[in-house]
Student: 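Provided herewith is a single structure, encoded as structure tokens, for subsequent inquiry.
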Amino acid sequence: MAKSRGHIIVEQWFKSKNWKWAAFQKEASAAYLNGKSGLINAPTGSGKTYSLWIPILIRHINALPEKPLKTRKGLQVLWITPLRALSKDLLRNMETACLEMNLSWEVGIRTGDTATKERTRQKKQMPDALIITPESLHLLFSQKNSSEVFKNLHTVVVDEWHELMGSKRGVQTELALARLRNINPELQTWGISATIGNLNEAMQVLLGMKFKEENAVIIKADTNKKILVESILPEKVETLPWSGYMGIRLADKVVQIVNQSNTTLIFTNTRAQSEIWYRTIIEKYPEFAGIMALHHASLDREIRDWVEEALHNEKLKVVICTSSLDLGVDFRPVDTVIQVGSPKSIARFVQRAGRSGHRPGVTSKIYFCPANALELIEAVSLREGVVNNVLEDRPPVVHAFDVLAQWMITLAVGEGFDEQQLFEEVSDAYGYQYINRQEWEWLLGYITTGSPSLTVYDEYKKVERIDGRYVVKSRRIALRHVLSMGTIVSDTTLRVKFQHGKYLGAVEESFVTKLKPGDVFFFAGMSVEFVRIHEMTVTVKKAEGKKGFLVSWAGSRMALSSQLSSFIRERLASSIENPTHEKELAKLKPLLELQQERSIIPQTSELLIEQCETREGYHIFIFPFEGRLVHEGMSILLAYRLSRLKPITFSLAMNDYGFELLSDQYVDMKEIMKETALFSTEHLVDDIYHSVNATEMAKRKFREIASIAGLMFQGYPGQHIKTKQIQASSSLLFTVMSKYEDSNLLVNQAYQEVLTYQLEEIRMRKALDRIATQKIIIRKTIKPTPFSFPIMVDRLREQLTSEKLEDRIQKMLKQYSNAD
DNA sequence: GACCTGCTGCGGGCTG
């Protein structure tokens, strides 16, 4: 490739910093300077920011006239980041590079944190480059002069694109990009992404449907990042429980590793789990006070900032965290990462491993601490995934009409739009490539009249059509819209603070309603006593030494990824017949032998069904090993199909490995399997819609959709509306819209989201297809097996409180040992 | 030989 002048300057800059001028940086610079767009796939800490930022500056310098222009050109570069927290670091880096290149470029930040003064300044004169979140970018489009603001924009960079793409925030970004390309067809768009399974698709989503292929490139960093995976093993497999997800039994071993390391991050799957680990370690090893910290999303921002800072300055030995530290600033001191419990996907595991050895060429090491015995299989599977570099896809969100409705109103609040033009523009976005006129007309109706069933209510008439343009005239409507933009919908939370005023974090309404004054709970790594609740704030005081219950949050459970599940199926199948030398499997051997003895371990060509009878009734266990969401869908499907043969009701339970149908009647699976296609994919969707309370599931989903689409105003800042009220009004809207309209796009979307995300329809179909080719093995067991026991416990847990659960498990224990 | 489940992320006018 011929070296351009710009290319040489970039190269010199890298050399002057004594940095290795890596192949991907060369490639990216050259492609950018040649006017291309694309995607850069490089690990964090590899200098990928500079591989774009420096060429951008060069391009600017080259374009400078001899005499500098008197008037500034305004905004030329947008740098989109999913995390506010990343913006300050970026700003520093970018400004430093400007200084080094002797260029008086101004770089600014525009996020929710940006002060009013700075906003006003930006309104008068935008900086040359702006670091921004997708939400703030949408807010810029709600201003009257937005096309003027973006007139001279020539480059947009989307950082951590893999992180945005799979969510509705990604769709927001797609829509904004489509608009920016419309304003300036020459716009160069670059994405920066970690490695995911569908990189090509990621680029397509970023660049939109009309992008010319010859102008796009994917640039992969050829960094052989080494990742070492080591399991933390118990002396005996008996140490590990059959079921359970906390993993604290191996706390001593974990502490040993922490002690041998400089700085350790311990990743847990839930906030409650991180609190348990903190409490367990501090009780057993009081010397960790002061050098151990907690980090999760419900802790106060100030505390989290302190933890991040202390981690950076090597003041902390260990931090116990959740996904809250998956991304974010470089923590160079971290040399060890421990994952407690299944990470559920290989990509997440790799991402977390990368938090250690955060420099090019340095090996990352991650320890896996299994939380129950069967997770030893996952340990082996994870390692296999890492070695073979198998990573999950991030499927982009499509047909999100709620996000589109919001976007249309945003534009109407801003400069207004011509519907034909906007329709063209929106079809350029990957997520709306198949949108048709009928859907579009419905959306136009929705934003102007509030959909056919709501026409009598004025508050849903938001947008007016004036001289062919769709605009929002009312100040009040504009204000309320701007106050509720974005796609992240959360429950109402209450802030927790000490009497003397220090804020600890936030808990959910549903948790607080259980509390009485004097109750003690464990939160933010300490025991606190509930004092009172006033104006959405929970006041507490220290309760040293007292034991209390643990804060719980209503989140969602992550399901095992299909890539990881398939490794697990294979590992299990070969565990007995072709045992490998993996030490994890050696540990697990006694348990697998017990499974083999009481039932079987299925080969990959087999589907195992276990049936047994206990005092609770007749159990059917089925083990597709497909992750809990698919199992949820399958259990619903099977329960429905069985109930059509004869009237029968089941209670359902599931985990990542299998599911249970429990009834007070015996079902002869062998007979039924002969006659009925229980696992057929035929009428799958119909059966599911008939079977479950699909309406209930859709209703719950609808709450988020209605919020995003602007049907429910969540209140002015500082003034809160209770979750219950929001839930009630969304459920009312759902009922009205379903009843009086045949094809309400938002209601349909709710059903679609239930199928796609809650029940993982596509994956379920694949699994059912696989089952169709498998041999069904039905085993009657006298006692629950290592496979089935955890599912039973799971069901009990949902029905009973924890004390009662303990009693029940004791009873079960007695019952089954008596049978011996 | 069997206990502790529930991730992350953003944003908020106008006027004088």
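No experiment lies behind these values; they were computed from the predicted model shown. Naming: A, B, ... by sequence-line order, numbering from 1 per chain.
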Student: Please state how far atom CZ in A/Phe141 lies from atom P in B/dG11, giving the value in whole angstrom units.
Tutor: 16 Å
Student: Could I get a table of every N or O pair under 3.5 Å where one atom is in the protein and the other is in nucleotides 7-10 of chain B?
Tutor:
unit_1	atom_1	unit_2	atom_2	d
B/dC7	OP1	A/Arg271	N	3.4
B/dC7	OP1	A/Arg271	NE	2.7
B/dC7	OP1	A/Arg271	NH2	3.2
B/dC7	OP2	A/Arg271	NH2	2.1
B/dC7	OP2	A/Gly555	N	3.4
B/dC7	O3'	A/Thr322	OG1	3.4
B/dC7	O2	A/Ser323	OG	3.0
B/dT8	OP1	A/Ala297	N	3.0
B/dT8	OP1	A/Thr322	OG1	2.4
B/dT8	OP2	A/Arg271	NE	3.2
B/dG9	OP1	A/Arg304	NH2	2.9
B/dC10	OP1	A/Arg84	N	3.0
B/dC10	O3'	A/Thr133	OG1	3.4

Student: Atom CG of A/Leu139 and atom P of B/dG13: how far apart are they, to the nearest Å?
Tutor: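 From A/Leu139 CG to B/dG13 P: 8 Å.
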Student: Take the protein atom CG of A/Leu137 and the nucleotide atom P of B/dG12, then report the distance between them rounded to whole Å.
Tutor: 12 Å
Student: Salt-bridged, A/Lys514 to A/Asp519, with N to O below 4.0 Å?
Tutor: no
Student: What pairs with A/Phe349 under ring-ring contact (aromatic ring centres under 6.0 Å, His included), at least two apart in sequence or on another chain?
Tutor: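 A/Phe349 satisfies ring-ring contact (aromatic ring centres under 6.0 Å, His included) with no residue once adjacent residues are dropped.
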Student: With nearest nucleotide decided by heavy atoms, which residue, A/Leu594 or A/Arg119, maps closer to the 5′ end of DNA chain B?
Tutor: A/Leu594
Student: Please report, rounded to the nearest Å, how far the C1' atom of B/dA2 is from the CG atom of A/Leu374.
Tutor: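 These atoms are roughly 12 Å apart.
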Student: What contact category does A/Arg249 fall into here, base, sugar-phosphate, or nothing, at under 4.0 angstrom with non-hydrogen atoms?
Tutor: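 Sugar-phosphate contact only - A/Arg249 comes under 4.0 Å of backbone atoms but never of a base.
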Student: Tell me which nucleotide among B/dC4, B/dT15, B/dG13 gets nearest to the side chain of A/Arg475.
Tutor: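 Nearest to the side-chain atoms of A/Arg475, counting from C-beta on, is B/dT15.
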Student: May I have the distance from A/Leu140 (atom CG) to B/dG13 (atom P), rounded to whole angstrom?
Tutor: 12 Å
Student: Sequence neighbours left out, what passes salt bridge (charged side-chain N to carboxylate O under 4.0 Å, His left out) with A/Glu135? Give chain and number order.
Tutor: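 Per chain and number, A/Glu135 pairs via salt bridge (charged side-chain N to carboxylate O under 4.0 Å, His left out) with A/Arg169.
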Student: Which residue lies toward the 5' end of DNA chain B, A/Lys123 or A/Gly244, if each is placed at its nearest nucleotide?
Tutor: A/Gly244
Student: Whole Å only: how far is the CE atom of A/Met246 from the P atom of B/dC4?
Tutor: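 Between P of B/dC4 and CE of A/Met246: 7 Å.
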Student: Between A/Ser243 and B/dC4, is there a side-chain N or O to OP1/OP2 distance below 4.0 Å?
Tutor: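 It does, given that an N or O in the side chain of A/Ser243 lies less than 4.0 Å from OP1 or OP2 of B/dC4.
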Student: With sequence neighbours left out, what residues match A/Phe368 under ring-ring contact (aromatic ring centres under 6.0 Å, His included)?
Tutor: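 By the ring-ring contact (aromatic ring centres under 6.0 Å, His included) rule, A/Phe368 matches no residue at all.
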Student: Whole-Å distance between B/dC4 P and A/Phe522 CZ?
Tutor: 19 Å
Student: Below 4.0 angstrom from OP1 or OP2 of B/dG11, is there any side-chain N or O of A/Arg110?
Tutor: no
Student: For A/Phe511, what residues pass the ring-ring contact (aromatic ring centres under 6.0 Å, His included) criterion, not counting sequence neighbours?
Tutor: A/Phe521
Student: Report yes if at least one side-chain N or O of A/Arg476 is closer than 4.0 Å to OP1 or OP2 of B/dC14; otherwise report no.
Tutor: no
Student: How should the glycosidic conformation of B/dG13 be described, syn or anti, under the criterion that syn lies within 90° of 0?
Tutor: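 Syn, angle within 90° of zero.
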Student: Could you tell me which residues satisfy salt bridge (charged side-chain N to carboxylate O under 4.0 Å, His left out) with A/Glu632, sequence neighbours excluded, listed by chain and number?
Tutor: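 For A/Glu632, no residue satisfies salt bridge (charged side-chain N to carboxylate O under 4.0 Å, His left out) once neighbours in sequence are set aside.
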Student: Measure NZ/A/Lys783 against C1'/B/dA2 and give the value in whole Å, please.
Tutor: 12 Å
Student: Any idea which heavy atoms bring A/Val413 and A/Ala478 closest together, and the distance?
Tutor: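 Closest heavy-atom pair between A/Val413 and A/Ala478: CG1-CB, 3.9 Å.
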